[in-house]
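A quick write-up on the structure given underneath.
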Amino acid sequence: MTDSIFASIEADARPRSASLFADIATRYLARSAHGDGPVSTELSPAEIARRFDEPMPRSGRPLAEIAARIDRDVLGDMNRLAHPMAMGHQVSPPLPAAIWMDSIVSAMNQSLAVSEMSPSATAVETRVIRWMCDLAGIGPDAGGTFTSGGTEATFTALLAARTRALPDAWDRGVTGTPPVVLCGEHAHYAVTRAVAQLGLGMRRAVAVPSRDWRLDPVALERILSVLESQGTPVMAVVATSGATATGSFDDLDAIGTMTRARGIWLHVDGAHGASALVSNAHRHRLRGIERADSIAWDPHKMMLMPLATSMLLVRDERALEGAFSQEAPYLFHGGEGVRPPDQGTRSFQCSRRADALKLWVALQRYGADAFGELYDRLCAVTRELFQMISASRVFEAVHEPECNILCFRYVGDRTLSDTALDHLNRELRERYNGSGHGWITGTVVGGRRVLRVCV
C-alpha cells in the first residue's frame with residue numbers, strides 16, 4: 001500500500017467528493033420523476049455485460065471520472081423506478097430522506113448484532129419495532145427484528161413456530177412424523193421454501209384452495225378438521241395480506257378465530273400489505289391481524305423505503321430468542337439484562353445494517369399520517385387503471401384491486417384461443433417494456449398468462 005491511497009481516502013471524505021454522488025442521485029430523481037427518458041433499457045443483458053467486460057483495475061482513477069461513468073454506464077440502462085410509468089415489480093422508488101439516511105448508515109457502519117457495537121442504532125430499531133407492534137395491536141409483550149426481506153421474516157417466524165411445536169428440534173433435529181404447515185395456494189414461495197429448509201419436507205406444506213384469489217376459510221376449516229381427526233399435528237397456518245400476484249388479502253378475522261381456538265401458530269405474510277395499517281381507508285383489510293403470532297412486513301414496498309427495510313413482528317418477544325438457541329459469550333450479552341437487547345440473538349444475520357434508521361428518519365420527516373396518504377394514493381391510481389381496463393373492449397381485468405396491484409389480460413376481439421392469448425400477452429409485455437415507454441410485469445393467474453402492474 002502506498003501513501004497515495006491515504007491521500008485519496010482523505011480527499012474522498014470531503015464535501016466536494018460527496019457532492020459528485022449526491023448530484024447524480026438528485027439528477028436521476030428529477031429526470032425520472034418528470035418522465036424523461038425510457039423507463040428501462042432496450043439493450044440485451046449481453047450488450048450491457050460487454051460494457052463492463054474489463055480487467056480488474058490495478059491503479060486508481062479520479063473520482064470525478066468514475067462518477068461520470070456511473071452516470072453514463074450504470075444509470076443509463078437501469079430501471080427508473082421513480083418514473084411515472086414504472087409499474088413493474090414490488091420494489092419502490094424510495095423516499096428522498098431515506099435515501100440520504102442510507103448513506104449515513106453506510107458511513108457509520110454499525111453492526112446491530114450486539115448493542116455495544118451499535119448503542120443508538122439498537123435503541124432506534126427497538127423503538128421502531130415497538131411502534132409497528134402497536135400499529136398491529138399484538139400486545140405489550142410483542143417485539144421483533146429487522147430482516148433482509150419478507151422471505152427471511154417468514155423463515156424466522158416459522159422457525160419460532162417450529163420451536164414451539166418441536167422444542168427439541170434445534171438439538172435433535174426433526175424426528176418422528178413432522179407437523180404440517182397450511183397456507184393458501186397463492187402464498188409466496190417463501191412459505192414452502194421455509195418448510196423444506198426447516199427439515200419438515202416440502203410435502204408437509206399443505207395448500208388450501210382459494211376463493212376469489214384468497215385463502216378460503218371454509219376449505220381451511222375442513223382441512224383442519226380432517227387433520228385433527230387423523231392426529232396430524234399442525235405447526236402453523238400462514239395467511240397472506242397482499243398476495244404477490246394479485247395483492248389480495250386473506251380473511252384474517254376468520255382464520256385467526258380458527259387458529260386461536262386450536263392453539264395453532266398464525267403467521268401473517270404481510271410483506272406487501274401490512275402497510276395498510278397506516279391507512280385509515282384500507283386498514284380494515286387487516287381486520288383480525290391482532291390475533292397473529294407473527295407478522296412479516298416490508299416497508300421497502302408500500303412505505304417506499306430503500307432496500308432492504310423489512311421486519312418480523314412477534315406477539316411474544318421471547319419466541320424469537322427461543323428460536324435461536326445458541327450461546328456466544330464472546331459476542332452476545334443480552335442475557336445479562338441488557339436493554340435494548342442484542343439483536344443477533346433473534347436473527348439469522350450477524351453482520352446487520354442499521355436499516356431501521358431509514359424508516360425512523362422517514363417517519364420523523366414525513367409522519368405516519370403522510371404514509372397513510374401515500375398508501376391511499378397508490379391504491380386510488382390503481383383503482384383508476386382498473387376502471388379504464390373495465391371500460392375497454394380489448395382488455396379485461398382478472399380481479400378487482402385491493403391495493404396497488406392489478407392483473408389484466410389482452411383479449412382483442414375474443415376470437416383467439418386461450419393458448420394463443422397466452423403467447424400474445426407474453427409478447428405484448430416484452431415489446432412494451434422494450435419500447436422504453438413503460439415497464440410492467442407478467443405472471444400466471446388461474447392457469448392463464450396475464451399482464452400485471454404494481455403502481
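Side chains of His300 and Asp298: a donor on one and an acceptor on the other come within 3.5 Å. Looking only at atom types and distance, the side chain of Thr443 has no donor-acceptor partner in the side chain of Arg449 under 3.5 Å away. Using modelled atom types, one finds no donor on one side chain facing an acceptor on the other under 3.5 Å when comparing Gln343 with Gln349. With hydrogens and angles left out, the side-chain atoms of His267 and Ser294 include a donor and acceptor closer than 3.5 Å. Residues Ser210 and Asp216 have side chains that never bring a donor and an acceptor to within less than 3.5 angstrom of each other. Residues Ser279 and Asp376 bring a donor and an acceptor atom of their side chains to less than 3.5 Å of each other. Side-chain polar atoms of Ser351 and Ser111 form no donor-acceptor pair below 3.5 angstrom. Between the side chains of Ser248 and Arg214, no donor-acceptor pair is found at a separation under 3.5 Å.
Here the straight-line distance linking atom OG of Ser118 with atom CG of Asn109 works out to 11.0 Å at 0.5 Å rounding. Between the CD1 atom of Ile289 and the CG atom of Leu252 there is a distance of 6.0 Å, given to the nearest 0.5 Å. To the nearest 0.5 Å, atom CD of residue Glu430 and atom CD1 of residue Ile440 are 11.0 Å apart. Leu158 contributes atom CG, which lies 13.0 Å from atom CZ of Arg193 (distance to the nearest 0.5 angstrom). Between atom CG of residue Leu198 and atom CG of residue Leu159 there is a gap of 6.0 Å, rounded to the nearest 0.5 Å. Interatomic distance, Leu215 CG to Asp251 CG, rounded to the nearest 0.5 Å: 9.5 Å.
Remark: Asp23 CG is packed, more than 12 non-hydrogen atoms of other residues, nucleotides or ligands lying under 6.0 Å away. Summarising the local packing, CZ of Arg27 is surrounded by more than 12 heavy atoms from other residues, nucleotides or ligands at distances under 6.0 Å. A 6.0 Å sphere centred on CZ of Arg203 holds no more than 12 heavy atoms belonging to other residues, nucleotides or ligands. Within 6.0 Å of atom CE in Met78, more than 12 heavy atoms from other residues, nucleotides or ligands are found, so the atom counts as buried in its surroundings.
Minimum interatomic distance between Asn79 and Ser40 (heavy atoms only, all atoms of both residues): OD1-OG, 2.5 Å. In terms of heavy-atom proximity, Ala82 sits nearest to Tyr28 at N-OH, 3.5 Å. The minimum heavy-atom distance linking Leu277 with Leu135 is given by the pair CD2-O, 3.8 Å. Residues Asp36 and Arg80 approach most closely at O-CD, 4.4 Å, considering heavy atoms. A pairwise comparison of heavy atoms in Ala308 and Ser148 identifies CB-O, 3.4 Å as the closest pair. Pairing each heavy atom of Ser225 with each of Arg262, the nearest pair is OG-NH2, 3.8 Å.
The ring of Phe348 has its center closer than 6.0 angstrom to the ring center of Phe155. Taking the centre of each ring, Tyr375 and His282 come in below the 6.0 Å mark. Residues His272 and Trp297 keep their aromatic ring centres 6.0 Å or farther apart.
Proximity of Ser310 to Thr151: side-chain heavy atoms (C-beta onward) are nowhere separated by under 4.5 Å. A 4.5 Å side-chain heavy-atom check between Arg377 and Leu374 finds every atom pair outside the cut-off. By the 4.5 Å heavy-atom criterion applied to side chains, Leu313 and Ile138 are counted as neighbours. Residues Arg164 and Trp265 form a side-chain contact, since some pair of their non-hydrogen atoms from C-beta on lies under 4.5 Å apart. Between Ser92 and Lys301, the closest side-chain pair of non-hydrogen atoms is not below 4.5 Å.
Judged by distance alone, the side chain of Arg285 and the main-chain N or O of Gly273 form no donor-acceptor pair under 3.5 Å. With hydrogens and angles ignored, the 3.5 Å screen pairs no side-chain donor or acceptor of Gln230 with any backbone N or O of Glu228. Under the 3.5 Å distance criterion, the side-chain polar atoms of Ser32 are left unmatched by any main-chain donor or acceptor of Leu29. Remark: the backbone N or O of Ala121 is not paired with any side-chain donor or acceptor of Glu125 at under 3.5 angstrom.
Using a cutoff of 4.0 Å between basic side-chain nitrogens and carboxylate oxygens, Arg414 and Glu396 are scored as salt-bridged. Residues Arg409 and Asp422 are paired through a salt bridge, judged by an N-O separation under 4.0 Å between the basic side chain and the carboxylate. Salt bridge Asp102/Arg353: present, at least one basic N to carboxylate O contact under 4.0 Å. Using a 4.0 Å cut-off between charged side-chain N and carboxylate O, Glu54 and Arg69 make a salt bridge. Remark: Glu427 engages Arg431 in a salt bridge, criterion side-chain N to carboxylate O under 4.0 Å. By the 4.0 Å N-to-carboxylate-O rule, Arg31 lies close enough to Asp71 to be salt-bridged with it. Contact check on Arg50 versus Asp53 returns no salt bridge, with no Lys/Arg side-chain nitrogen under 4.0 Å from an Asp/Glu carboxylate oxygen. Using a cutoff of 4.0 Å between basic side-chain nitrogens and carboxylate oxygens, Arg51 and Asp77 are scored as salt-bridged.
Among residues two or more places apart in sequence or in another chain, the side-chain hydrogen bond (donor to acceptor under 3.5 Å, both in side chains) test is passed with Arg283 by none.
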Decide side chain to side chain donor-acceptor pair (under 3.5 Å) for Thr382 and Asn404; before the verdict, give the C-alpha distance in whole Å, the side-chain angles of both, and the deciding distance to 0.1 Å. CA-CA 5 Å; Thr382 310; Asn404 66 326; 5.7 Å; no

Start with the C-alpha distance between Ser390 and Phe395, add both sets of side-chain angles, then the distance that settles side-chain contact (heavy atoms from CB on, under 4.5 Å), and finish with yes or no. CA-CA 7 Å; Ser390 298; Phe395 289 95; over 6 Å; no

Passes side-chain contact (heavy atoms from CB on, under 4.5 Å), Ile295 versus Met311? Steps please. CA-CA 8 Å; Ile295 303 166; Met311 55 195 171; over 6 Å; no

Output, in order, the C-alpha distance, side-chain angles, deciding distance and verdict of side chain to side chain donor-acceptor pair (under 3.5 Å) for Thr441 and Arg452. CA-CA 5 Å; Thr441 57; Arg452 175 182 173 276; 3.1 Å; yes

Run the side-chain contact (heavy atoms from CB on, under 4.5 Å) test on Arg352 and Ser347 for me, step by step, so that the C-alpha distance in whole Å, both residues' side-chain angles and the decisive distance to 0.1 Å come before the verdict. CA-CA 9 Å; Arg352 301 177 73 250; Ser347 170; 3.5 Å; yes

Output, in order, the C-alpha distance, side-chain angles, deciding distance and verdict of side-chain contact (heavy atoms from CB on, under 4.5 Å) for Leu359 and Phe146. CA-CA 11 Å; Leu359 182 54; Phe146 270 67; 4.2 Å; yes

Start with the C-alpha distance between Arg383 and Glu402, add both sets of side-chain angles, then the distance that settles salt bridge (charged side-chain N to carboxylate O under 4.0 Å, His left out), and finish with yes or no. CA-CA 9 Å; Arg383 169 66 58 171; Glu402 296 185 60; over 6 Å; no

Might you work through the salt bridge (charged side-chain N to carboxylate O under 4.0 Å, His left out) test for Arg291 and Asp253, ending with a clear yes or no? CA-CA 8 Å; Arg291 294 188 177 92; Asp253 218 11; 2.4 Å; yes

Cut-off 3.5 Å, no hydrogens considered: what does the side-chain donor-acceptor table look like for residues 234-243, sequence neighbours left out?
none

